[in-house]
Amino acid sequence: MGILYDDDVVIIRQSEKEGDPSVITVNCPDKTGLGCDLCRIILFFGLSIVRGDVSTDGKWCYLVFWVVGKSTTRWGLLKKRLVEACPSCSSASGLSYYRAESQPPRPPDVFLLKLSCHDRKGLLHDVTSVLCELELAIKKVKVSTTPDGSVIDLFFITDTRELLHTNKRKEDTCDHLKAVMGNTMLSCEIEMVGPEITACSAECSFLPAAITENILPLEIPDELPSSLTSTSVSVNMDNSLSPGHTLVQIVCQDHKGLLYDIMRTLKDYNIQISYGRFSTNRGRACDIDLFLTQTDGKKIVDPSKQKALSSRLEMELVRPLRVATVSRGPDTELLVANPVELSGKGRPLVFHDITLSLKMLHTCIFSAEIRRRMIGDREFEVYRVLLDEGEGLAVPRSKIEEQVWKMLMGWKQ
């Protein structure tokens, strides 16, 4: 394999006709979980994968994604982030492709963004949109409304660009927020805090047990509202069609981040894809064929391992996120939860989509929190949003759940 430069590692061919997919090609050394990392970045940039091909020889990989999305996509920045996720070409020389990273990456610095402002409808979504645009990832948030109508927002964030420690990046962030918030912004402060502030500990156990059992089941409940699930999921495993691989065939309904949900599940189970093909049709039906091996290069023949992987894939495709509304005293609280990767990464844009849904419903937010909580042996990111249901402002709970779910799944409202 010759020398590859950054321009060759990731090639993006933008569509020439509106509505046609753009094509992203990745050609680089492989590593366990690379497909998950790439799909997560594509999801963060607001793109949907409508077709995909993945292949590897155990050392080098070749991936092609056909994507559709916004006309405002920053293709140059997307390419840069994808290149950064790929191993260097020198790492493939004489080494087995599938391996854990020899040195885990250093945890990113955590910063506290403190905003004080006058309240208005859609304010929290507008702030969240600015942070996403600036590649500032929200790790934890605490939003509260004071009796005089002002709002204090505390965002614990990390910077993808790793520049938030500089005065220029801080000033630029506050300037962008000011441009969107206008005169409603009273103050903007950014300071570095310790990473332990976002760590999940015993103090994160802030959910009542009844709520945990209802919206965070580790198995698929017998009865679920059809409006809050993805229907018709089929996962089949076959060891007879390939001499060296387990074939997993999945048929399901498409949703935003579908390929990411599959890839993160395989990454958590330390399963490698030797070859895979993914496609969707206009009716939102997806067909996925994956030829898999374990870390030892062998098929998945243990029935218990087959059942565990099959059940987890089905669970993640039926309910990649959990959405519910509950009573909190006289008020309504919206709860949304999504699994966290074993690597510690959460699902992109969840808070962005929650706040956008509520803005579209003309529903105000009184307070909001993001925390992480261990349920069984899995970690979840849990969003608690207390809704402001003033006189004449109440929206039926079923409508709130359905609208938020559809937004998170990328389905038409």
Side-chain angles (χ1 to χ4, degrees), residues 44-46 74 77 81 106-146 148-201 203-204 206 334 336 338 340 344-359 364-372 381-386 388:
F44 178 81
F45 275 78
R74 295 172 292 173
L77 185 59
R81 297 294 174 245
R106 181 181 67 86
D109 293 327
V110 180
F111 295 82
L112 169 61
L113 165 64
K114 182 177 180 181
L115 278 176
S116 177
C117 51
H118 296 298
D119 197 13
R120 64 169 172 80
K121 287 184 179 179
L123 174 65
L124 189 54
H125 174 69
D126 293 343
V127 173
T128 303
S129 294
V130 172
L131 297 182
C132 290
E133 185 74 14
L134 295 174
E135 295 189 289
L136 296 172
I138 301 172
K139 312 301 290 185
K140 182 178 173 183
V141 65
K142 174 75 173 179
V143 178
S144 57
T145 305
T146 62
D148 64 359
S150 60
V151 176
I152 298 177
D153 295 345
L154 302 178
F155 292 91
F156 294 89
I157 56 180
T158 59
D159 186 8
T160 302
R161 304 177 192 176
E162 299 184 345
L163 294 172
L164 201 52
H165 62 282
T166 65
N167 289 333
K168 185 179 185 305
R169 177 71 160 152
K170 291 178 182 178
E171 292 170 0
D172 185 54
T173 299
C174 289
D175 288 344
H176 275 78
L177 289 167
K178 178 67 174 178
V180 171
M181 300 170 66
N183 293 330
T184 61
M185 191 173 85
L186 301 176
S187 65
C188 174
E189 302 174 13
I190 302 175
E191 62 179 286
M192 186 183 294
V193 295
E196 67 277 0
I197 198 72
T198 59
C200 185
S201 63
E203 296 177 357
C204 295
F206 67 118
L334 171 68
V336 178
N338 61 265
V340 176
K345 295 179 181 179
R347 190 186 192 87
L349 301 181
V350 174
F351 195 57
H352 173 277
D353 289 348
I354 293 171
T355 54
L356 177 56
S357 298
L358 296 176
K359 181 179 181 179
C364 297
I365 297 173
F366 183 77
S367 66
E369 290 184 358
I370 304 175
R371 298 278 188 91
R372 290 192 173 189
E381 212 160 39
V382 184
Y383 302 77
R384 300 184 68 178
V385 182
L386 186 63
D388 185 349

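The structure displayed is predicted, hence computed values, not measured ones.
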Can you tell me how far the CD1 atom of Ile190 sits from the CG atom of Leu136, to the nearest 0.5 Å? 7.5 Å
How long is the straight-line distance from CD1 of Ile138 back to CG of Leu349, given to the nearest 0.5 Å? 9.5 Å
Quick one: closest heavy-atom pair of Arg372 and Gly346, and the distance? NH2-N, 3.5 Å
Mind running side-chain contact (heavy atoms from CB on, under 4.5 Å) on Lys140 and Val110 for me, showing each step along the way? CA-CA 10 Å; Lys140 182 178 173 183; Val110 180; over 6 Å; no
Please report the shortest heavy-atom distance between Ile370 and Glu381, naming the atom on each side. CG2-CG, 4.1 Å
Whether Arg371 side chain and Arg384 backbone form a donor-acceptor pair below 3.5 Å: no
Which pairs of donor and acceptor atoms, one on a side chain in residues 150-159, lie under 3.5 Å apart (sequence neighbours left out)?
from	atom 1	to	atom 2	distance (Å)
Ser150	OG	Thr146	OG1	2.6
Ser150	OG	Asp148	OD1	2.7
Asp159	OD1	Arg161	N	3.0
Asp159	OD1	Arg169	NH2	2.7
Asp159	OD2	Leu163	N	2.8
Asp159	OD2	Leu164	N	3.0
Asp159	OD2	Arg169	NE	3.0

Do Val127 and Leu177 have side chains that get closer than 4.5 Å, going by heavy atoms? yes
Testing Leu124, Asp353, Leu334 for side chain to side chain contact (heavy atoms under 4.5 Å, CB included) with Leu358, which one passes? Leu334
Starting from the C-alpha separation in whole Å, work towards a yes-or-no answer on side-chain contact (heavy atoms from CB on, under 4.5 Å) for Glu133 and Arg74. CA-CA 10 Å; Glu133 185 74 14; Arg74 295 172 292 173; 3.8 Å; yes
Considering non-hydrogen atoms only, spot the tightest contact between Ser367 and Ser144 and give its length. CB-CA, 4.4 Å
Nearest 0.5 angstrom please: Thr173 OG1 to Leu113 CG, how far? 8.0 Å
With rounding to the nearest 0.5 Å, note down the distance linking CG in Leu112 to CD in Glu189. 8.5 Å
I need the full list of salt bridge (charged side-chain N to carboxylate O under 4.0 Å, His left out) pairs touching residues 170-181, with sequence neighbours left out, sorted by first then second residue. none
Which pair of heavy atoms, one from Leu123 and one from Cys117, lies closest together, and at what distance? CD2-SG, 3.4 Å
Residue pairs meeting ring pair (Phe, Tyr, Trp, His ring centres under 6.0 Å), one or both in residues 116-135, sequence neighbours left out, come to His125-His352
Let me see the working for Tyr383 and Asn338 under side-chain contact (heavy atoms from CB on, under 4.5 Å), right down to the final yes or no. CA-CA 9 Å; Tyr383 302 77; Asn338 61 265; 3.3 Å; yes
Find out whether Leu115 and Met181 are in side-chain contact, i.e. whether some heavy atom of one side chain is under 4.5 Å from a heavy atom of the other. yes
What's the separation between atom CZ in Arg120 and atom SG in Cys364, rounded to the nearest 0.5 Å? 11.0 Å
Glu135 versus Phe45, closest heavy-atom pair with distance: OE2-CZ, 4.1 Å
